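What you are looking at is a predicted structure, and each value in this text was computed from that prediction instead of being measured.
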Amino acid sequence: MNRNFYFIGIAFFGMINGIFNQLWLIFALLYVQILAGPLLFGSLSLTLMLASLMVSTATVILGGIPAAIYERVTGASESNNVSLWIWLAGTAILTLPAAGNFLKIGL
């Protein structure tokens with residue numbers, strides 16, 4: 001399979017988790033509002049968008065950790081299909097709490 005499909009899937013799962021995972025979004029919103037509130041002009045919508053972006057980015061990064069460990073253990077010099085599958089599965093598992101809201105609301 002083309003590598004781009006893996007990256008599209010990983011980004012899709014990150015986006016779904018960032019938008020529809022209410023627990024992590026509220027957690028990130030509280031921290032972003034404290035830390036970056038003045039930078040975002042105190043706008044709640046901008047703060048919510050930054051918090052959503054943070055959750056999406058954290059999903060992609062945390063989902064990639066098992067793939068990085070796999071690459072380190074096998075001694076691979078670059079990503080292969082197996083490590084990309086592991087990365088995709090990791091992000092999919094992290095997105096499971098948001099899947100219900102995504103299926104209920106949709107894009």
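Listed by first and then second residue, the ring-ring contact (aromatic ring centres under 6.0 Å, His included) pairs that reach into residues 56-83 come to none, sequence neighbours excluded. Within the structure, the side chain to side chain donor-acceptor pair (under 3.5 Å) test picks out the following pairs touching residues 3-16 (sequence neighbours left out): Tyr6-Trp85.
In this structure, the side chain to side chain contact (heavy atoms under 4.5 Å, CB included) partners of Ala92, at least two apart in sequence or on a different chain, are Phe13. Applying the side chain to side chain donor-acceptor pair (under 3.5 Å) criterion to Asn101, with sequence neighbours excluded, gives no partner residue. The side chain to side chain donor-acceptor pair (under 3.5 Å) search around Asn17 returns Asn21, Thr59, not counting sequence neighbours. Checked against side chain to side chain donor-acceptor pair (under 3.5 Å), Ser79 has the following partners two or more places apart in sequence or in another chain: Glu71.
Scanning all heavy atoms of the two residues, the minimum distance from Pro66 to Gly63 falls at CD-O, 3.4 Å. The two residues Ser56 and Gly14 have their closest heavy-atom pair at OG-O, 2.9 Å.
Considering only heavy atoms from C-beta on, Thr95 stays 4.5 Å or farther from Phe20 through its side chain.
Counting Ile, Leu, Val, Met, Phe, Trp and Tyr side chains that sit under 4.5 Å apart, directly or through other members, Ile93 stands alone, with no cluster partners. The hydrophobic cluster containing Leu94, built from Ile/Leu/Val/Met/Phe/Trp/Tyr side-chain heavy atoms closer than 4.5 Å, also comprises Leu62, Ile65, Ile69, Val73. Other cluster members for Leu96: none, since no ILVMFWY side-chain heavy atom sits under 4.5 Å from it.
For Asn80 (side chain) and Ser83 (main-chain N/O), a donor-acceptor pair under 3.5 Å exists by modelled atom type.
Ile61 and Met15 are assigned to two separate hydrophobic clusters, defined by single-linkage of ILVMFWY side chains at heavy-atom distances under 4.5 Å. Linking Ile, Leu, Val, Met, Phe, Trp and Tyr residues whenever their side-chain heavy atoms come within less than 4.5 Å places Leu88 and Leu84 in a single cluster.
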Decide yes or no on side chain to side chain contact (heavy atoms under 4.5 Å, CB included) for Ile19 and Phe102, but give the supporting numbers first.
CA-CA 9 Å; Ile19 294 173; Phe102 171 68; over 6 Å; no
When the side chains of residues 44-54 are checked against the rest of the protein, which donor-acceptor pairs come out under 3.5 Å, sequence neighbours left out?
| unit_1 | atom_1 | unit_2 | atom_2 | d |
| --- | --- | --- | --- | --- |
| Ser45 | OG | Ser43 | OG | 3.2 |
| Thr47 | OG1 | Ser43 | O | 2.7 |
| Ser52 | OG | Gly18 | O | 2.9 |

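Taking CG of Asn2 as the reference point, atom CD1 of Ile8 lies at 8.0 Å (rounded to 0.5 Å).
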